[in-house]
Number of protein chains: 2
Amino acid sequence: MLTQKSKYGLKAMTVLAKEYGQGPILISDIARREGIPRKFLELILLELKNEGILQSKKGKGGGYFLGHPPNQIRVGHIIRVLDGPLAPLPCVSKTAYMRCRECRDERTCGIRIIMKEVRDATAKILDETTVADMLRRVELAVNGRDALSFSI
Amino acid sequence: MLTQKSKYGLKAMTVLAKEYGQGPILISDIARREGIPRKFLELILLELKNEGILQSKKGKGGGYFLGHPPNQIRVGHIIRVLDGPLAPLPCVSKTAYMRCRECRDERTCGIRIIMKEVRDATAKILDETTVADMLRRVELAVNGRDALSFSI
DNA sequence: ATTTAGTCTACTAAACTAATAGACAATGCT
DNA sequence: AGCATTGTCTATTAGTTTAGTAGACTAAAT
């Protein structure tokens, strides 16, 4: 399950992507526009900044803005920063691999084999989708149809 | 992330599948074989029984056994019983749909559009894979190669 | 210097996870 | 009938995670 934190983070990112190139946006503005508790949002944006996904400016005229163009920021990256690895088991994570203590032979663990498929499918979607893609998909949905109706 | 509970549950299911048709297996045997705390395993098996995935017999010669042949028990079903919905967001779950309170228009929520893809990909894998498939995959892995090397 | 706006550390209530404990109920055997 | 065996059910708990809140601090602009 995606946490509230990731959900808030993704919402904030879409706001910042829409406003990309127009200078910094205030935390409070994002919080108000998306109905996110302001203090909580501060922590979230800070984490994203420490990862280089966002940049910020202090003082008057300050605020947050994207560290890269929206078509270069991957949804998977945002979620990994805020929620941790995408993998359903640490032993199938590529970015945060950890052996299972109890596991006798990792290569022949049935659960692992299946969960690796799940992790790969999830990562494929989330790492191929950028924030720009997400906005585009919303645009298409607003026009009454989803991209998938065409691309399949 | 899969919980310990689901992991234990899946391990127990593979033991019971291997022994399918050979009469009931003791909770304690499963616990010992897989290194699962016995009392915890009781609760897990009970939940699976209440869903009809397992059956049990009390008294001497009793124990647990599969409610259906291993090729008719889907991994997705087991995980849903023990961990809840597969979907990363309640609003994209098919088996446990719940609207997001804050969501203005569900059809044009970018996060939802992407997360629906993730849920569909995950559900496709876990609902198409049976316990028998999982055992088969392990067999193939033991023989030094994975089914995927052939089927793709 | 003052105001504006992000930064950093600490704290907390509620929920969830991973168990543990123990009384109870059904079944098979002698 | 009585006893051992094995699953059932309810309660409790320590530890962790989640979703915030509070407040002092720091940098930039005017």
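Numbered from 1 within each chain, the chains take letters A, B, ... in sequence-line order. Computed from a predicted model, the values in this text were never measured in an experiment. Side-chain atoms are counted along with the backbone in the values below, which use heavy atoms only and exclude waters and symmetry mates.
Position along DNA chain D of the nearest nucleotide to B:K57 versus A:G59 favours B:K57 as the more 5'-ward residue. Sequence order on DNA chain C of the closest nucleotides to B:D83 and B:K58 puts B:D83 first from the 5' end. The residue among B:S56 and A:K60 whose nearest nucleotide of DNA chain D is located toward the 5' end is B:S56.
With respect to the salt-bridge test (charged N to carboxylate O, under 4.0 angstrom), the residues A:R136 and A:E139 do not qualify. Salt bridge absent: A:R99 and A:E106 never bring a charged side-chain N and a carboxylate O closer than 4.0 Å. We find that B:D120 and B:K116 are joined by a salt bridge, their nearest charged nitrogen and carboxylate oxygen being less than 4.0 Å apart.
Distance, A:E34 CD to D:dA19 P: 17 Å, rounded to whole Å. As a whole-Å value, the separation of B:R32 CZ from D:dT6 P is 11 Å. A straight line from CD of A:Q55 to P of D:dA27 spans 18 Å, rounded to a whole angstrom.
Of the residues B:D127, B:T130, B:T129, B:D133, the one that meets the side-chain contact (heavy atoms from CB on, under 4.5 Å) test with B:V75 is B:T129. If you run side-chain contact (heavy atoms from CB on, under 4.5 Å) between A:V131 and each of A:I73, A:L16, A:L66, only A:I73 comes through.
The two residues A:A87 and B:M1 make their nearest non-hydrogen contact at O-SD, 3.5 Å. Nearest approach of B:C109 to A:V138, heavy atoms of both residues: C-CG2, 4.2 Å.
Counting heavy atoms from C-beta outward, A:M13 and A:L48 have side chains that approach closer than 4.5 Å. B:F65 places none of its side-chain heavy atoms less than 4.5 Å from the side chain of B:Q22. Annotation: side chain of A:R112 is not in contact with side chain of A:C100 (no heavy-atom distance under 4.5 Å).
No engagement by A:L82 is indicated, since no non-hydrogen atom pair under 4.0 Å with the nucleic acid exists.
Protein chain A contacts DNA chain C over a range whose 5' and 3' limits, counting nucleotides with an atom under 4.0 angstrom from a non-hydrogen atom, are C:dT4 to C:dT9.
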Working note: A:I78 + A:E51, criterion side chain to side chain contact (heavy atoms under 4.5 Å, CB included); need CA distance, chi angles, decisive distance, verdict. CA-CA 9 Å; A:I78 299 167; A:E51 271 293 310; over 6 Å; no
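For the contact set between residues 5-15 of chain B and DNA chain C, defined by any heavy atom under 4.0 Å, the members are B:K5, B:Y8. Annotation: proximity of residues 39-52 of chain A to DNA chain D (heavy atom, distance under 4.0 Å) is found for A:K39, A:F40, A:L43, numbered in ascending order.
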